[in-house]
*Asks:* 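The structure that follows is given in the form of structure tokens.
Owing to the predicted nature of the structure, the values given are computational and were not obtained by experimental measurement. Both ligands and their constituent atoms are indexed starting at 1 by order of listing.
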Amino acid sequence: MNQDIITVTSPLLPSLDEFHDVLRDIWDSKWITNNGSFHKRFESALCEYLKVPYISLFTNGTLPLLTALQALRITGEVITTPFSFVATTHSIWWNNCKPVFVDIDPSTGNIDPDKIEAAITPKTSAIMPVHVYGQPCDTVRIQKIADKYGLKVIYDAAHAFGVEVNGNSILKAGDMSTLSFHATKVFNTIEGGAMVMHNAETKKRIDYLKNFGFAGETEVVGPGINSKMDEIRSAYGLLNLKQVDAAIEARHQVAIRYREALHNVPGITFFEDMPGVRHNYSYFPIFVDSEKYGMSRDELYFKFKEKGILGRRYFYPLISSFSTYRGLPSASPENLPQAQKMADSVICLPMHHDLSQDDVERVINMMLN
Ligand SMILES: Cc1ncc(COP(=O)(O)O)c(C=O)c1O
């Protein structure tokens with residue numbers, strides 16, 4: 001029997017012929033970066049697809065997080081979740097701010113709004129939640145808390161490309177949202193990212209900041225950075241945008257099959273679709289209760305690995321347990337019981353647009369036997 005490796009993800013690639021054609025255009029124009037025509041067209045196309053008024057492209061999903069904190073002049077303490085990819089907390093640290101970890105809501109994996117207020121001090125200036133796995137945060141409640149205490153809200157929406165709640169983009173919440181277009185994401189530009197903002201002034205300021213702070217040939221208006229997306233990745237992104245809906249639908253079908261096959265397995269739980277939400281199926285996390293399933297999460301993870309099925313323990317360990325952060329008072333395990341439980345029980349099953357039915361059945365059979 002063919003025991004090919006089944007990877008947890010696989011990049012969505014544009015047609016090579018079409019990509020070759022756009023490369024020819026770029027070569028002919030000799031304009032390869034600095035807000036060229038593909039960059040402009042890609043920004044417009046993304047605004048339309050994502051149903052947002054303004055977007056600014058970046059070279060990855062980490063730099064817009066750093067830049068958002070800079071642009072909003074965030075200082076002091078930033079409330080965030082430990083259940084994410086390290087870049088979320090690193091961006092706070094790189095801005096000389098102190099991350100304050102708040103536990104998660106186990107029904108979504110996202111920061112628990114009930115626990116945010118207790119973490120606010122006179123030094124708090126912002127909240128940085130994450131729509132983890134593309135599951136929408138409770139943006140209404142988070143905004144209410146932010147308004148009450150005068151805090152900014154920056155959403156790390158790295159996983160939430162195309163996610164909508166009641167027909168509205170989740171990216172419209174808060175002061176700014178950031179996206180990652182890394183190769184592993186639902187939508188990719190190989191490396192890449194973006195920031196979504198709500199007005200033209202902010203877009204202008206972010207465009208200056210991602211280009212060293214230049215506001216013209218001779219004027220620098222702030223301590224900017226270089227995080228501009230080039231023409232080649234912009235063209236690649238434009239091509240990939242044409243096929244992202246089909247890719248999300250293919251992922252949806254995989255999620256349907258996983259749920260159908262696993263819903264009666266004792267000790268295995270997973271998230272259902274939320275009412276009114278257009279999900280992007282960026283991940284398919286399952287949670288293993290070792291007593292009921294008869295095997296621990298790590299035993300299952302290594303059993304998968306032995307059989308060539310590469311799940312990922314996303315997100316494990318918790319960010320708060322890494323050496324940089326574990327000394328923080330909010331990083332203590334007693335403060336984060338739900339996040340710890342989720343990190344200790346999660347495996348993300350293989351999930352991508354290119355997963356064959358046979359592959360999906362192989363994953364399921366491994367879990368049932
Ligand atoms: C939640 C989250 N935030 C930020 C990032 C950083 O994005 P990038 O790898 O594009 O820098 C990632 C992913 O890689 C992520 O998963």
*Asks:* Going by distance only, is there an N or O of G61 that falls short of 3.5 Å from an N or O of ligand 1?
*Replies:*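 Yes: some nitrogen or oxygen of G61 is under 3.5 Å from one in ligand 1.
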*Asks:* Is the shortest N/O to N/O distance between Y283 and ligand 1 below 3.5 Å?
*Replies:*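 N/O-N/O distance under 3.5 Å: no.
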*Asks:* May I ask you to check whether over 12 heavy atoms, not counting those of K303, lie within 6.0 Å of atom NZ?
*Replies:*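 Result for NZ/K303: enclosed.
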*Asks:* More than 12 heavy atoms of other residues, nucleotides or ligands under 6.0 Å from NZ of K204: yes or no?
*Replies:*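 No, because the 6.0 Å sphere around NZ of K204 holds 12 heavy atoms or fewer from other groups.
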*Asks:* For atom 12 (C) of ligand 1, which protein heavy atom lies nearest, and how many Å away is it?
*Replies:*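 Nearest protein contact, heavy atoms only, for atom 12 (C) of ligand 1 is F85 CD2, 3.4 Å.
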*Asks:* Look at the aromatic rings of Y283 and H159 and report parallel, tilted or perpendicular, splitting at 30° and 60°.
*Replies:*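 Judged by the thresholds at 30° and 60°, the geometry between Y283 and H159 is tilted.
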*Asks:* Run down the list T178, N188, D156 and name the one with the heavy atom closest to atom 4 (C) of ligand 1.
*Replies:*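 Comparing heavy atoms across T178, N188, D156, the nearest one to atom 4 (C) of ligand 1 lies in D156.
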*Asks:* Which ligand 1 atoms, with their elements, are less than 4.0 angstrom from a heavy-atom of S180?
*Replies:*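 Near S180, meaning under 4.0 Å from one of its heavy atoms, ligand 1 has 7 (O), 8 (P), 10 (O).
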*Asks:* At what distance is the nearest protein heavy atom to atom 11 (O) of ligand 1, and which residue and atom is it?
*Replies:*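 Protein heavy atom with the smallest distance to atom 11 (O) of ligand 1: T62 OG1, 2.6 Å.
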*Asks:* Are E191 and ligand 1 in contact, using a heavy-atom cut-off of under 4.0 Å?
*Replies:*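 For ligand 1, residue contact (heavy atoms, under 4.0 Å) with E191 is absent.
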*Asks:* Tell me which protein heavy atom sits closest to atom 13 (C) of ligand 1, plus the residue, atom name and distance to 0.1 Å.
*Replies:*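 Minimum-distance protein heavy atom for atom 13 (C) of ligand 1 reads K185 NZ, 2.9 Å.
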*Asks:* Which of these passes ring pair (Phe, Tyr, Trp, His ring centres under 6.0 Å) with H90: Y325, F322, F85?
*Replies:*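 Single pass found, and it is Y325.
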*Asks:* Run the numbers on T81 and N110 for side-chain contact (heavy atoms from CB on, under 4.5 Å), then give the verdict.
*Replies:* CA-CA 7 Å; T81 170; N110 291 328; over 6 Å; no
*Asks:* Which atom pair, heavy atoms only, marks the closest approach of V102 to P82?
*Replies:*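 Closest heavy-atom pair between V102 and P82: O-CD, 3.2 Å.
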*Asks:* Could you check I55 against L171 for side-chain contact (heavy atoms from CB on, under 4.5 Å), going step by step and ending with a plain yes or no?
*Replies:* CA-CA 10 Å; I55 198 161; L171 304 171; 6.0 Å; no
*Asks:* What's the spacing between K115 NZ and D103 CG if we round to 0.5 Å?
*Replies:*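 Reported value, rounded in 0.5 Å steps: 4.5 Å.
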*Asks:* With atom 2 (C) of ligand 1 as the reference point, say which of A157, A158, G193, A87 has the nearest heavy atom.
*Replies:*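 Answer by nearest heavy atom: A158.
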*Asks:* For atom 16 (O) of ligand 1, find the nearest protein heavy atom and state the residue, atom name and distance (0.1 Å precision).
*Replies:*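 Atom 16 (O) of ligand 1 sits closest to the protein heavy atom H159 NE2, 2.8 Å.
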*Asks:* Quick one: does S84 get within less than 4.0 Å of ligand 1, heavy atoms only?
*Replies:*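 Contact present.
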